[in-house]
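Report on one structure; see the data block that follows.
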Amino acid sequence: MFHHVEPFAGDPILSLNEDFQKDPRPNKINLSIGIYFDDTGRIPVLDSVRRAEAQHVAKGGPKPYLPIEGAANFRSAVQQLLFGADHEAVTSGRVATIQSVGSSGGLKVGADFINRWLPGSEVWVSDPTWDNHRSMFEGAGLKVHTYPYYDAASGGLRFAEMLSTLRTLPPQSVVLLHACCHNPTGVDLTRAQWDELIPVLRERRLLPYLDLAYQGFGDGIEADAYAARALASAGLSFFIANSFSKSMSVYGERCGALSVACPDAKQAVNVLGQLKFTVRRNYSSPPIHGGQVAATVLTDPALRAVWEAELGSMRERILAMRKKLHAVMQAKVPGRNFDYFLTQRGMFSYTGLSAEQVDVLREQHAVYLVRSGRMCLAGLNVNNVEATAVAMAQVLAQGLPRR
Ligand code: LMR
């Protein structure tokens, strides 16, 4: 029956993380997967989350099926977080939101919706993008292309080329954009660049699809929502998948949402209906626990304040690691410019190391990066940052080909 089934080649991020777990070397350093580790190398349980969970456990109560679209209190809290409570898009009811199985689940439901209701639309993703984007959209039956994004020479953005490519796309093309903390490069659009991009999206009648998995890790919760709010204020229709995996450190709860900003409330009703239909024939309805914990953290004023402070500390710690790594690398490899560690935002930086150099780092130094050269700086801490810099400097000195 299954003799023709091919072996799974493995996932460039998740399989690497599994390899890391199996590595017996005591000094190993995990800078591969996009997970925030604290200064002791552990995944933190946030106090805000612990307290919200305690409230739910104390309440007890049954665990019914959630509605197909998820819990109403969670969906409303998500809309307020993304757009602000008073935003016209929210108050007019023209945003359709479903609770999803992580933001990946949201991305996939949105992709299925596009395949069904916008036949012929193709998808453009940044070059490079998160390793799973292409796979996910192709899995939904959509054709995927790339637009220019990362400039290897400067460690910055090819904004002019990005815009001129987008200007050539047919109407209703889907443009996947990272709302903040670009994964894998850490290179974000400035506010001025978003403001320049939005008229192009509108004139060409393109369909933006925002991925907001790292809200709060760039410049802050509100600041990182700039793109979502600017698109909504400009009256564009767009998709946005967001996640609480990182911002609440609840990875395995698979807690996220998909929102679709529509032209009016009437269209939002039908869009929500079709998103529900997509969910029902995939996994029926979302899980209850993570969403209720997140909703409590977002809406209880005391817990919300604790969460914002905790998220702020995670962001500050990563920034401190960026500065430390930059300083040590600059001292060890004086001829090279490592300023990109300071200018790039969020958990990731593109190091410019080749796949071969990444292999040497892993094999000889037990330092794990994704083979694209992506480093997760949220895996650095006071005890391993120096060793990481020394290992990187050694690999660079060996003179293997850079990309
Ligand atoms: C990452 O990019 O490492 C994370 O978002 C985890 C994942 O699912 O790939």
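Just so you know, ligand 1 is whichever comes first in the structure, and atom 1 is the first atom listed for that ligand. When a residue number appears, it is its place in the shown sequence, counting from 1.
For the pair E18 and K22, the salt-bridge criterion is not met [side-chain N within less than 4.0 Å of a carboxylate O].
Under the rule for a ring pair (Phe, Tyr, Trp, His ring centres under 6.0 Å), the partners of F20 that lie at least two apart in sequence or sit in another chain are Y368. Every residue two or more places apart in sequence or in another chain that forms a side-chain contact (heavy atoms from CB on, under 4.5 Å) with I43 is listed here: I35, F37, S249, Y251. Under the rule for a side-chain contact (heavy atoms from CB on, under 4.5 Å), the partners of V45 that lie at least two apart in sequence or sit in another chain are R50.
Below 30°, between 30° and 60°, or above 60°: for H178 and H133 the angle between ring planes is above 60°, a perpendicular geometry.
Around ligand 1 you find I13, I33, G34, W130, N183, Y214, K246, R374, each with a heavy-atom distance below 4.0 Å.
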Inset, instruction - Quick one: do S247 and Q215 satisfy side chain to side chain donor-acceptor pair (under 3.5 Å)? Show the steps, please. - result: CA-CA 7 Å; S247 62; Q215 188 173 4; over 6 Å; no

